[in-house]
Amino acid sequence: MPPAQRHPTMADVAERAGVSTSTVSRTLRGLSTVSPEVRARVEKAARELNFAVSRQAASLVTGRTGTVAVLVPTLDSWFMGSALSSLAPLLRAAGMQLNVYEIPDLAERTAFFEHLPARRNADALLVFSFDLTDEETARLDDLGMPVIYVSRHVAGRPSVYVDDVAGALHGTRHLLNLGHRRIAFVQTAGASGFSFSSNERLLGYQQALTEAGVPLDDDLVVSTRVGDKRAAAEVLGMLLSLREPPTAVFAEQDEVAVALIWNLRRTQIAVPERISVLGFDDQPLADWFDLSTVAQSPSEMGREAGELALRLIDDPGADHQRHVVLPTHVLPRATTAPVTRPWDEGERHAGGEGTRGGGA
């Protein structure tokens with residue numbers, strides 16, 4: 001069958017270009033051992049025949065799949081969407097495909113680590129926002145490919161992350177510099193093993209208070225669920241029923257901060273006049289609510305992780321312990337302000353009761 005009536009092969013390209021099939025292979029793989037003149041002839045012949053190297057064929061020759069795998073706990077988050085939206089075009093520009101493994105619950109997580117589907121289907125694996133067990137980390141070490149941890153520092157392995165301790169420390173200092181001394185910290189509770197900050201933001205908060213000579217108070221550290229206004233109301237009920245309520249609240253994520261503000265305003269507690277609220281992330285939601293926050297950039301994190309993955313694919317021995325630490329910075333907006341006056345007894349109990357009754 002003549003070439004025009006069947007799919008063209010590498011031999012057809014070689015015949016048209018007047019070179020060997022091995023030269024065609026080396027040219028289309030982008031190797032530098034091919035002269036510019038020969039490369040131009042081969043590429044011209046491939047275009048005229050509409051020839052494209054299949055990934056399966058390329059894998060047999062190079063030992064690579066042309067794919068980067070990503071392991072994520074969820075796709076339904078601002079953080080993941082921003083990181084993947086910068087990672088995907090970077091990989092496409094390098095001729096790589098992106099394969100996403102979403103494991104949102106413990107059952108799927110167990111199945112993933114039992115079968116490791118990425119083993120023969122990727123050249124590198126990016127692991128986003130997981131607190132892995134030692135056994136799980138060891139399983140990934142045995143994959144035989146570069147594994148990069150994203151939004152998490154893992155000792156001895158390549159990682160791309162922000163310094164959550166420093167970010168929370170600077171955020172707490174912002175509130176301290178405004179005169180606040182009763183500062184609550186609201187953590188996010190979720191499924192075991194899935195985390196964006198572990199306890200590092202709490203450590204930064206505690207470090208800032210200790211440096212300022214402010215005693216740590218366990219009653220001011222509470223947990224709530226992301227996206228749950230009733231849970232936020234219950235948290236406020238606890239905080240505002242304390243003998244000495246906080247004059248500021250530092251929420252571990254912007255979504256939690258917004259839920260707190262919603263409940264405070266619903267019970268007519270003015271933000272920031274009576275209580276300041278600070279978030280962490282700088283999601284688009286923060287801008288809409290004019291929320292003071294500690295900003296990070298998941299888009300930059302995705303790009304850095306992709307670039308590191310490409311380097312390790314080309315040279316698996318390089319940067320095997322490299323850590324890329326990205327900055328955070330405080331963005332003061334309209335939800336933080338200097339302390340005006342402490343809570344009096346009447347406000348304290350009215351605020352607590354009103355908030356407990358204001359669940360959504």
TODO: Ignoring hydrogens and angles, tell me if any N or O in the side chain of Thr335 forms a donor-acceptor pair with the backbone of Val277 under 3.5 Å.
DONE: yes
- [ ] Examine distances only and state if a side-chain atom of His180 and a backbone atom of Arg173 form a donor-acceptor pair shorter than 3.5 Å.
- [x] no
Open item on the list: Among residues at least two apart in sequence or on other chains, which ones pass ring pair (Phe, Tyr, Trp, His ring centres under 6.0 Å) with Phe113?
Closed with: none
Task: Tyr205 side chain to Gly171 backbone, donor-acceptor under 3.5 Å - done: no
Open item on the list: When you compare the side chain of Asp164 with that of Thr328, does any pair of heavy atoms fall below 4.5 Å?
Closed with: no
Open item on the list: Between Ser241 (side chain only) and Met238 (backbone N and O only), is there a donor and an acceptor less than 3.5 Å apart?
Closed with: no
Task: 4.5 Å side-chain heavy-atom contact, Ser276 and Val249 - done: no
TODO: Starting at CG of Leu285, measure out to CD of Gln253 and round the result to the nearest 0.5 Å.
DONE: 11.5 Å
Open item on the list: Hydrophobic clustering (ILVMFWY, side-chain heavy atoms < 4.5 Å, transitive) - are Ile269 and Leu178 grouped together?
Closed with: no
Task: Any side-chain heavy-atom pair of Val222 and Leu239 under 4.5 Å - done: yes
Open item on the list: On a heavy-atom basis, which atom in Val34 and which in Thr23 lie closest, and how many Å separate them?
Closed with: CG2-O, 4.4 Å
Task: Closest non-hydrogen atom pair between Leu169 and Ala208, with its separation - done: O-CB, 3.7 Å
TODO: Kindly indicate, with the supporting measurements, whether the criterion side chain to side chain contact (heavy atoms under 4.5 Å, CB included) is fulfilled by Val186 and Glu252.
DONE: CA-CA 6 Å; Val186 182; Glu252 191 177 45; over 6 Å; no
- [ ] Please check if any side-chain donor atom of Thr293 sits under 3.5 Å from a side-chain acceptor atom of Asp254, or the reverse.
- [x] yes
TODO: Report yes if the side chains of Arg322 and Val324 come closer than 4.5 Å at any heavy-atom pair, otherwise no.
DONE: yes
Open item on the list: Membership question, hydrophobic clusters at under 4.5 Å side-chain separation (ILVMFWY): are Leu216 and Val165 in the same one?
Closed with: no
Open item on the list: Counting C-beta onward and ignoring hydrogens, is there a side-chain heavy-atom pair between Val271 and Ile275 closer than 4.5 Å?
Closed with: yes
Open item on the list: Quick check against the 3.5 Å criterion: does Ser86 have a side-chain atom that pairs as donor or acceptor with the backbone of Ser299?
Closed with: yes
TODO: For residues Ala232 and Ala259, report the shortest heavy-atom separation together with the two atoms involved.
DONE: CB-CB, 3.8 Å
Task: Heavy-atom check, side chain of Val127 versus side chain of Val147, under 4.5 Å - done: yes
Task: Closest contact, heavy atoms only, Thr65 versus Asp123 - done: N-OD1, 2.8 Å
- [ ] Hey, could you give me the CG/CG distance between Leu75 and Leu84, rounded to the nearest 0.5 Å?
- [x] 6.5 Å
Open item on the list: Is there a salt bridge (Lys or Arg N to Asp or Glu O under 4.0 Å) between Lys44 and Glu48? Walk through the geometry before answering.
Closed with: CA-CA 6 Å; Lys44 180 174 183 292; Glu48 290 173 349; 2.5 Å; yes
Task: Heavy-atom check, side chain of Leu176 versus side chain of Thr172, under 4.5 Å - done: yes
Open item on the list: Please check: side-chain N/O of Ser292 versus main-chain N/O of Pro332, any donor-acceptor pairing under 3.5 Å?
Closed with: no
Task: Interatomic spacing from CG in Leu308 to CD1 in Ile313 - rounded to 0.5 Å - done: 10.0 Å
- [ ] State, without any angle test, whether Thr336 and His174 hold a side-chain donor-acceptor pair at a distance under 3.5 Å.
- [x] yes
Task: Sidechain N-carboxylate O distance under 4.0 Å for Glu114, Arg139 - done: no
TODO: Before giving the answer on side chain to side chain contact (heavy atoms under 4.5 Å, CB included), spell out for Leu260 and Glu255 the whole-Å C-alpha distance, their side-chain angles and the decisive distance to 0.1 Å.
DONE: CA-CA 9 Å; Leu260 295 171; Glu255 292 175 66; over 6 Å; no
Open item on the list: Checking the side chain of Asn199 only, and the main-chain atoms of Leu202 only, is there a donor and an acceptor separated by less than 3.5 Å?
Closed with: no
- [ ] Examine Leu310 and Met301 and state if one hydrophobic cluster contains both, with Ile, Leu, Val, Met, Phe, Trp and Tyr joined whenever side-chain heavy atoms are less than 4.5 Å apart.
- [x] yes
Open item on the list: Is there a continuous path of hydrophobic side-chain contacts, each under 4.5 Å between heavy atoms, that joins Val38 to Val24?
Closed with: yes
Open item on the list: Rounded at 0.5 Å granularity, tell me how far CZ in Arg230 sits from CZ in Arg225.
Closed with: 9.5 Å
Task: Heavy-atom donor-acceptor pair, Thr340 side chain to Glu273 backbone, under 3.5 Å - done: yes
Task: Connected-component partners of Tyr161 among ILVMFWY, side-chain separation under 4.5 Å - done: Val325
Open item on the list: Before you tell me yes or no, could you show the steps for Val42 and Arg39 under side chain to side chain contact (heavy atoms under 4.5 Å, CB included), namely the whole-Å CA-CA distance, both residues' side-chain angles and the distance that decides it to 0.1 Å?
Closed with: CA-CA 5 Å; Val42 171; Arg39 181 178 303 280; 5.9 Å; no
Task: More than 12 heavy atoms of other groups within 6.0 Å of Asp134 CG - done: no
Open item on the list: Run the side chain to side chain contact (heavy atoms under 4.5 Å, CB included) test on Lys229 and Arg266 for me, step by step, so that the C-alpha distance in whole Å, both residues' side-chain angles and the decisive distance to 0.1 Å come before the verdict.
Closed with: CA-CA 11 Å; Lys229 289 189 291 186; Arg266 189 180 185 191; over 6 Å; no
Open item on the list: More than 12 heavy atoms of other residues, nucleotides or ligands under 6.0 Å from CD of Glu211: yes or no?
Closed with: yes
Task: Glu15 atom CD, over 12 foreign heavy atoms within 6.0 Å - done: no
Open item on the list: Is any side-chain heavy atom of Val70 closer than 4.5 Å to one of Asn99?
Closed with: no
Task: Distance (rounded to the nearest 0.5 Å) between Asp282 CG and Ser82 OG - done: 10.5 Å
- [ ] Give a yes or no on this: more than 12 heavy atoms of other residues, nucleotides or ligands lie within 6.0 Å of atom CG of Asp76.
- [x] no
- [ ] Considering only NZ, NE, NH1 and NH2 on the basic side and carboxylate oxygens on the acidic side, decide whether Arg201 and Asp163 come within less than 4.0 Å.
- [x] no
Open item on the list: Using modelled atom types and a 3.5 Å cut-off, is there a donor and acceptor pairing between side-chain atoms of Asp287 and backbone atoms of Gln283?
Closed with: no
Task: For the student: nearest non-hydrogen atoms of Pro245 and Leu240, plus distance - done: CG-O, 4.0 Å
- [ ] Measure from the side-chain N and O atoms of Thr67 to the backbone N and O of Gln97, and report whether any donor-acceptor pair falls under 3.5 Å.
- [x] no
- [ ] Output, in order, the C-alpha distance, side-chain angles, deciding distance and verdict of side chain to side chain donor-acceptor pair (under 3.5 Å) for Gln296 and Asp281.
- [x] CA-CA 5 Å; Gln296 64 170 325; Asp281 281 335; 2.7 Å; yes
Task: Residue from Leu71, Ile148, Val160, Val72 passing side-chain contact (heavy atoms from CB on, under 4.5 Å) with Phe128 - done: Val72
- [ ] Measure centre to centre between the rings of Tyr101 and Phe112, then say whether the value is under 6.0 Å.
- [x] yes
- [ ] If the plane angle is over 60° it's perpendicular, under 30° parallel, otherwise tilted; pick one for Phe280 and Phe250.
- [x] parallel
Open item on the list: Please say yes or no: joined through hydrophobic side-chain contacts below 4.5 Å, possibly via intermediate residues, are Trp78 and Leu87 part of one cluster?
Closed with: yes
Task: Nearest-0.5 Å distance that lies between atom CZ in Phe130 and atom CG in Leu140 - done: 10.0 Å
TODO: Might you point out which heavy atoms bring Val19 and Arg41 nearest each other, and give the distance in Å?
DONE: CG1-NH2, 3.3 Å
